[in-house]
> 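There's a structure below that I have some questions on.
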Protein chains: 2
Amino acid sequence: MATLKDVAALAGVSVKTVSNVVNGYAFVKPENRSRVEQALEATGYRPNLGARNLRRGRTGFLALVVPELVVPYFAELAGLVLRAARELEWNVLIEQTLGTREGERDTLAALGPHMIDGAIVSPEALEARDFGELAPGIPVVMLGEHSVDLPIDHVGIDNVEAARTAVAHLVGLGRTRIAAIGAHPHRGTAAQRLEGYRLALADAGLPVRDDLVATALNYHRRDGAEAMARLLSAPEPPDAVFCFNDLLATGAVRAAAERGVRVPHDVAVAGFDNTEEGAYGLPSLTTVAPDKAAVARAAVDLLHRRVEDPQRPPEHVRTPFSLQVRESTGGA
Amino acid sequence: MATLKDVAALAGVSVKTVSNVVNGYAFVKPENRSRVEQALEATGYRPNLGARNLRRGRTGFLALVVPELVVPYFAELAGLVLRAARELEWNVLIEQTLGTREGERDTLAALGPHMIDGAIVSPEALEARDFGELAPGIPVVMLGEHSVDLPIDHVGIDNVEAARTAVAHLVGLGRTRIAAIGAHPHRGTAAQRLEGYRLALADAGLPVRDDLVATALNYHRRDGAEAMARLLSAPEPPDAVFCFNDLLATGAVRAAAERGVRVPHDVAVAGFDNTEEGAYGLPSLTTVAPDKAAVARAAVDLLHRRVEDPQRPPEHVRTPFSLQVRESTGGA
DNA sequence: GTGAAAGCGCTAACAC
DNA sequence: GTGTTAGCGCTTTCAC
């Protein structure tokens with residue numbers, strides 16, 4: 001593996017000159033430049049990024065910390081972050097926390113301050129203020145939970161409004177016993193979506209009934225199915241359900257079908273995230289569609305600016321969303 | 001950020017001693033050990049992995065190169081590789097090639113020899129022998145395509161047998177016009193699955209009809225839907241379809257439903273990959289289930305052994321699979 | 001057992 | 001414009 005020194009020796013110049021050429025420094029004598037370029041070609045030189053970064057004090061890596069890659073929303077997001085990061089010459093280290101507090105803590109601690117230039121974190125259990133302590137000195141951009149009061153960069157949609165929009169759509173269908181699946185004691189986004197749900201019901205003059213709010217400790221298909229089964233066996237089952245993500249909604253639809261309850265005829269179902277899976281389901285899923293590409297771009301961009309200038313005041317970027325109406329709330 | 005030198009100064013010993021303690025070297029005078037440990041604690045020392053690796057000549061990173069993370073199979077696989085790698089103290093760099101030849105070439109070239117200790121590659125367009133040239137000197141483990149004749153480490157299931165098993169199941173249902181979706185001019189796995197399809201038909205004494213073999217240039221839901229639509233509008237539509245992955249199958253089921261063709265009554269559908277999405281679909285999907293955890297473990301393990309000993313002969317690991325029979329081929 | 005010092009490959013003062 | 005050289009933080013001979 002050729003080093004700068006090798007190239008310099010071959011070209012008959014100093015390492016400095018080679019370094020200048022490699023790094024695109026403008027003022028190099030044309031003759032030297034071409035000799036160096038030839039030597040570069042001949043040796044197949046590739047810079048050792050590790051050494052370069054050691055010297056520059058940066059790593060060239062960015063960490064993307066998500067609960068689980070099997071959750072389609074995070075898989076899609078990860079793909080988009082990968083693309084956005086590549087444009088800024090960042091490599092992405094993806095870490096899974098499995099949604100536990102320990103997972104999130106350990107992950108950030110293990111990455112430490114040397115491994116990465118910064119992190120984009122989609123926290124599930126941890127709260128924003130924890131990050132200051134866990135990752136002292138490492139730039140972090142938070143995804144999801146909107147905590148305007150904390151001094152940390154943040155990207156996300158307006159979860160309250162998004163949920164409110166979705167539930168208003170169910171109200172508009174004439175449904176009156178509208179349930180929610182996904183309440184969670186510690187998740188900020190869950191609290192916000194629940195708030196939006198409550199507001200939409202209040203807007204319509206409908207009561208908020210505790211028996212129609214189903215908790216889900218995880219947000220997988222199985223949890224949605226279980227919650228739906230519980231709701232449907234209650235004395236007064238719902239005629240519509242707003243699920244806090246598409247996975248829960250998929251499980252809910254499945255549970256309904258297994259009991260012979262028709263979607264949307266007997267119960268309309270709306271989800272959240274607009275994963276591609278939902279668009280192809282039977283029925284296809286009505287869902288809140290966050291602009292995931294915008295989230296990814298904003299997050300990478302924000303992190304980049306923070307790395308450049310650690311002193312700048314924290315910023316809260318609100319990305320757009322829309323409601324995708326499909327079969328699961330279509331017709332009567 | 002404390003360095004080894006800082007710790008040494010605080011403990012009143014040399015960097016060597018600190019290094020010995022940090023790296024768990026056994027023979028350190030107990031007194032010094034405890035002083036160092038205190039200093040370590042007091043400074044909150046964290047080794048600079050970049051520097052360590054520069055010195056050791058390794059990077060601590062492994063690249064996982066996949067076509068796209070939005071494909072659930074790869075998302076699931078990536079999650080499992082992440083876990084397996086963590087046990088060997090490897091960080092994982094995930095790269096998306098988007099399934100193009102350029103993407104695969106550029107990715108490996110960009111990673112270069114310094115960034116990573118090795119790569120686990122799931123090639124779509126590239127063939128195994130390309131990797132030798134692209135990534136000279138960097139250890140590579142191939143996933144998927146089984147090319148026993150090439151001198152490269154490889155992990156995968158027996159695609160021919162797996163496809164044959166799935167199609168035999170459709171034959172066992174009494175179906176006679178069995179189609180295949182997913183033929184592809186350049187993909188090794190596609191060729192192998194097509195071969196298994198042919199063998200199963202031959203086993204049953206059924207003819208292989210070209211009009212029942214649908215090509216799919218991509219393996220997304222949309223492609224499955226399009227192929228199914230084509231098959232169903234033919235003069236003699238199929239009564240069963242074997243799709244080369246679950247995404248194609250999901251699209252195929254959707255396309256059938258849109259035309260009022262019932263699954264499995266009118267047409268039975270089987271997929272490949274056993275993604276969780278298929279288990280919750282309506283109908284749930286019969287599918288070939290590769291042992292993904294075994295694939296991930298074997299790949300990381302194989303790569304580890306190759307890094308330790310670059311001279312060892314290439315190995316081909318065959319991981320198990322099973323057939324998950326569900327609603328999409330259930331009943332008559 | 002421990003210390004001094006070289007050196008991994010690179011960048012960036014600083015000198016010329 | 002280009003060469004010399006120190007040093008990023010670490011591991012590791014080689015002395016002692």
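Heavy atoms only: backbone and side chains are in, while hydrogens, waters and symmetry mates are out. Convention: sequence-line order gives letters A, B, ...; per-chain numbering from 1.
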> Identify whether any heavy atom of B/Lys29 sits under 4.0 Å from a base atom; if not, whether one sits that close to sugar-phosphate; answer base, sugar-phosphate or nothing.
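Sugar-phosphate only.
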> Distance check needed: D/dG9 C1' versus A/Asn48 CG, whole Å only.
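Atom CG in A/Asn48 sits about 14 Å away from atom C1' in D/dG9.
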> Hey, does B/Thr3 reach any base, or is it just sugar-phosphate, or nothing, if we go heavy atoms under 4.0 Å?
sugar-phosphate
> Taking atom P of D/dT12 as reference, at what distance in whole Å does atom CZ of B/Arg55 sit?
7 Å
> What I want to check is whether the side chains of A/Thr59 and A/Asp117 have a donor and an acceptor closer together than 3.5 Å.
yes
> Looking only at the side chain of B/Ala51 (C-beta and beyond, no hydrogens), which of the listed nucleotides C/dA13, D/dG9, C/dG3 gets closest?
D/dG9
> I want to verify a distance call: between C/dA12, D/dT12, C/dC10, whose nearest atom is closest to the A/Pro47 side chain?
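Nearest to the side-chain atoms of A/Pro47, counting from C-beta on, is C/dC10.
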> Say whether, by atom type as modelled, one donor and one acceptor occur between the side chain of A/Asp309 and the main chain of A/Arg306 under 3.5 angstrom.
no
> Without decimals, in angstroms, what is the distance between A/Leu40 CG and C/dC10 P?
11 Å
> Working to the nearest 0.5 Å, report the span between CE of B/Met115 and CG of A/Asn48.
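Rounded to the nearest 0.5 Å, the CE-CG separation comes out at 10.0 Å.
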> Within the structure shown, what part of the strands sits under 4.0 Å from A/Asn53 by heavy-atom distance: base, sugar-phosphate, or nothing?
nothing
> Are A/Thr17 and D/dT2 close enough that a side-chain N or O sits under 4.0 Å from OP1 or OP2?
no
> To the nearest Å, give me how far apart CZ (B/Arg52) and P (D/dT12) are.
10 Å
> Assign each of B/Arg33 and B/Arg56 to its nearest nucleotide of DNA chain C by heavy atoms, then name whichever residue's nucleotide is nearer the 5' end.
B/Arg33
> Looking at the side chain of B/Ser14, which of D/dG3, C/dT2, D/dT11 is the nearest nucleotide?
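Out of D/dG3, C/dT2, D/dT11, the nucleotide with an atom closest to B/Ser14's side chain is C/dT2.
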> A/Val13 near the nucleic acid: base, sugar-phosphate alone, or nothing, with a heavy-atom cut-off under 4.0 Å?
sugar-phosphate
> Using the ring of each side chain (for Trp, its six-membered ring), is A/Trp90 parallel, tilted or perpendicular to A/His304, with breaks at 30° and 60°?
perpendicular
> Output the rounded distance in Å from CZ (B/Arg46) to C1' (D/dG9).
15 Å
> Check whether any side-chain N or O of B/Asn20 sits under 4.0 Å from OP1 or OP2 of C/dT2, and answer yes or no.
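For B/Asn20, the contact criterion (side-chain N or O under 4.0 Å from OP1 or OP2 of C/dT2) is not met.
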> By nearest heavy atom, map B/Ala2 and A/Pro30 onto DNA chain D; which one lands nearer the 5' end?
A/Pro30
> Rounded to the Å, how far apart are B/Leu4 CG and C/dT2 C1'?
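In whole Å, C/dT2 C1' lies 15 Å from B/Leu4 CG.
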> Without decimals, in angstroms, what is the distance between B/Lys5 NZ and D/dC10 P?
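Result: 11 Å.
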> How about A/His154 and A/Glu315: does a side-chain donor come under 3.5 Å of a side-chain acceptor?
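No, A/Glu315 and A/His154 have no side-chain donor paired with an acceptor closer than 3.5 Å.
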> Take atom CG of B/Leu54 and atom C1' of C/dG7, then tell me their distance rounded to the nearest Å.
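Distance check: B/Leu54 CG to C/dG7 C1' gives 9 Å.
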